[in-house]
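Order of listing sets the numbers, starting from 1, for every ligand and every atom in it.
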Amino acid sequence: MIVGKMAKDEADDLLPDKDAAKGFYAKYEPKEILGRGISSTVRRCIEKETGVQYAAKIIDISNEPNDGADDHTMKDATIQEIHILRRVAGHSYIIELHDVFESSTFIFLIFELCKNGELFDYLTSVVTLSEKKTRYIMRQVLEGVQHIHNQSIVHRDLKPENILLDDNLNVKITDFGFARCLKPGEKLFDLCGTPGYLAPEVLKCNMFENAEGYEYEVDIWACGVIMFTLLVGCPPFWHRKQMIMLRNIMEGKYSFTSPEWTDITEAPKDLIRKLLVVDPKKRISIKDALEHSFFQTVLWDQDIAPLKRSLSSNSRRLSRISQLALELKARSFNARKRFQLAIICVRAVVRIKRLHTTPETMSANVARTDPYRIKLLRKVIDGCAFRVYGHWVKKGEGQNRAALFENTPKTELKHLYVTNLSR
Ligand code: ADP
Ligand code: MG
């Protein structure tokens with residue numbers, strides 16, 4: 001025990017307990033740290049024989065009592081995590097466990113390496129994801145979660161930090177540290193996960209004696225939180241006072257009012273509304289979520305809706321086209337006019353399709369009083385904020401990235417510190 005403890009205290013950045021971890025060292029060459037958890041460190045490593053790179057999650061179990069008095073030890077939890085990882089293995093969007101080494105002081109879990117790191121870091125580097133990218137990521141996340149649930153496992157800690165991206169920017173769901181295997185009809189009651197992603201029914205278990213418990217639907221709720229966050233770069237329920245955030249979650253209180261939402265179509269909003277339903281029984285199933293119009297790649301029906309609207313008889317947009325059409329009808333066939341009409345129609349369709357990407361007309365007054373409302377300026381502000389602060393995830397609706405420039409650097413450093421702490 002003492003040997004392990006000393007090794008940990010003395011060398012935070014060195015690999016611990018060389019004797020006990022012989023098997024690992026014989027086979028792998030450890031490299032730099034990729035990430036850290038509460039009692040684990042993840043390092044890149046190279047398999048000596050093959051030269052293939054992996055990620056080694058090294059879990060410290062040296063501080064635990066050996067008398068078996070505590071039956072919720074890190075070791076037990078890790079053994080359960082390994083059991084679950086093996087059960088969910090074999091799916092494209094779930095992390096693959098390659099090897100395991102166990103000593104009295106450390107457990108080594110060797111995973112396939114995800115070179116592109118966390119979805120969280122990807123999001124902070126790009127601020128927000130387009131609908132197309134969100135569709136690509138969310139389809140994979142939902143398919144991965146569907147596979148997990150099909151093995152009677154509930155993950156309980158889905159969040160962008162636990163979704164990794166491989167070489168091809170494909171999703172790998174990881175960190176099954178809180179995952180549980182459910183018997184048919186079994187409910188869970190313990191409060192675990194990450195505050196911003198907790199489903200209302202999990203919070204209820206902690207607040208009311210007669211709470212019903214929760215099961216698989218908590219992961220679907222977390223998918224709603226993730227999808228919202230990907231699209232606009234800020235989580236739906238965040239509030240700097242955690243009590244208010246928890247109350248917002250309990251009431252399902254969030255909105256699509258921040259400026260970023262104006263550029264986003266109805267389909268993703270509709271899906272988020274169905275994922276973030278407070279009553280787990282009324283929440284959309286993963287199967288139905290995957291069949292939602294947001295995921296239909298042939299978007300013709302959906303995209304044509306604005307066109308249909310603009311071509312309806314009471315639309316102003318119809319006027320020029322119908323005028324020409326009527327003129328044509330009235331006169332004899334005129335190839336030039338017919339060609340002109342065809343061009344106008346095509347241009348109209350293209351303009352309507354691009355409507356949400358067309359820059360809005362800039363009002364000097366709005367630019368002066370509320371620059372963040374103007375998409376073009378918003379992009380410039382975001383870009384500048386990035387260059388200054390390295391990364392930025394907007395935490396709540398009330399926050400305005402333009403305000404970053406109104407604050408003193410000291411306040412901002414404090415803010416970033418709080419942001420990091422709350423991760
Ligand atoms: P914890 O349970 O301590 O949160 P995780 O399994 O989530 O541990 O790993 C912690 C961090 O290590 C991850 O968020 C990620 O940044 C990094 N990481 C974990 N596994 C891998 C992997 N296979 N490839 C690349 N990075 C990884
Ligand atoms: Mg984690």
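- Looking only at atom types and distance, the side chain of Asp270 has a donor-acceptor partner in the side chain of His292 under 3.5 Å away.
- Annotation: atom 25 (C) of ligand 1 to nearest protein heavy atom, Cys114 O, 3.4 Å.
- Ring geometry, Tyr254 versus Phe228: the interplanar angle exceeds 60°, so the pair is classed perpendicular (tilted spans 30 to 60°).
- The option from Glu96, Glu112, Arg43 that lies nearest to atom 23 (N) of ligand 1, judged by heavy atoms, is Glu112.
- Inter-residue side-chain proximity for Arg283 and Lys274 is flagged as unmet; no heavy-atom pair is nearer than 4.5 Å.
- Residue Asp157 does not count as close to the Mg ion (ligand 2), with no N, O or S atom under 2.8 Å.
- Each of the following atoms of ligand 1 lies closer than 4.0 Å to a heavy atom of Ile95: 23 (N).
- For the pair Arg135 and Phe294, the cation-pi test (distance below 6.0 Å, angle within 45°) is passed.
- Of the N or O atoms in Asp175, one or more lie within a sub-3.5 Å distance of an N or O in ligand 1.
- Asp175 contributes OD2 as its N, O or S atom closest to the Mg ion (ligand 2).
- Panel note: side chain Glu143, backbone Gln140; no donor-acceptor pair is recorded below 3.5 Å.
- Within the 4.0 Å heavy-atom criterion, the part of Glu118 lying near ligand 1 is the side chain and not the backbone.
- With hydrogens left out, the protein atom closest to atom 8 (O) of ligand 1 is Lys57 NZ, 3.2 Å, a heavy atom.
- Using cut-offs of 30° and 60° for the angle between ring planes, the Phe24 and Phe108 rings count as parallel.
- Within the listing of ligand 1, atoms 23 (N) sit less than 4.0 angstrom from a heavy atom of Phe111.
- In this structure, Asp219 contributes its side chain and His155 its backbone to a donor-acceptor pair below 3.5 Å.
- Contact annotation: Asn162 places an N, O or S atom under 2.8 Å from the Mg ion (ligand 2).
- Atom 11 (C) of ligand 1 has as its closest protein heavy atom Gly35 CA, 3.9 Å.
- Rounding to the nearest 0.5 Å places CD1 of Ile84 at 11.5 Å from CD of Gln151.
- If you take CH2 on Trp261 and CZ on Phe256, they are separated by 5.0 Å, rounding to the nearest 0.5 Å.
- With ligand atoms numbered from 1 in the order given, ligand 1 contributes 7 (O) to contacts under 4.0 Å with heavy atoms of Asn162.
- For ligand 1, the atoms closer than 4.0 angstrom to any heavy atom of Glu161 are 14 (O).
- Of the protein's heavy atoms, Leu164 CD1, 3.8 Å lies nearest to atom 27 (C) of ligand 1.
- Ion pairing between a basic and an acidic side chain is recognised when a charged N comes within 4.0 Å of a carboxylate O; Glu112 and Lys172 show such pairing.
- Nearest-heavy-atom check against atom 26 (N) of ligand 1 across Ile33, Ile59, Leu34 picks out Leu34.
- Between the side chains of Asp99 and Tyr28, at least one donor N or O sits under 3.5 Å from an acceptor N or O.
- Within the 4.0 Å heavy-atom criterion, the part of Ser40 lying near ligand 1 is the side chain and not the backbone.
- Any N or O atom pair closer than 3.5 Å counts here, and Val42 shares no such pair with ligand 1.
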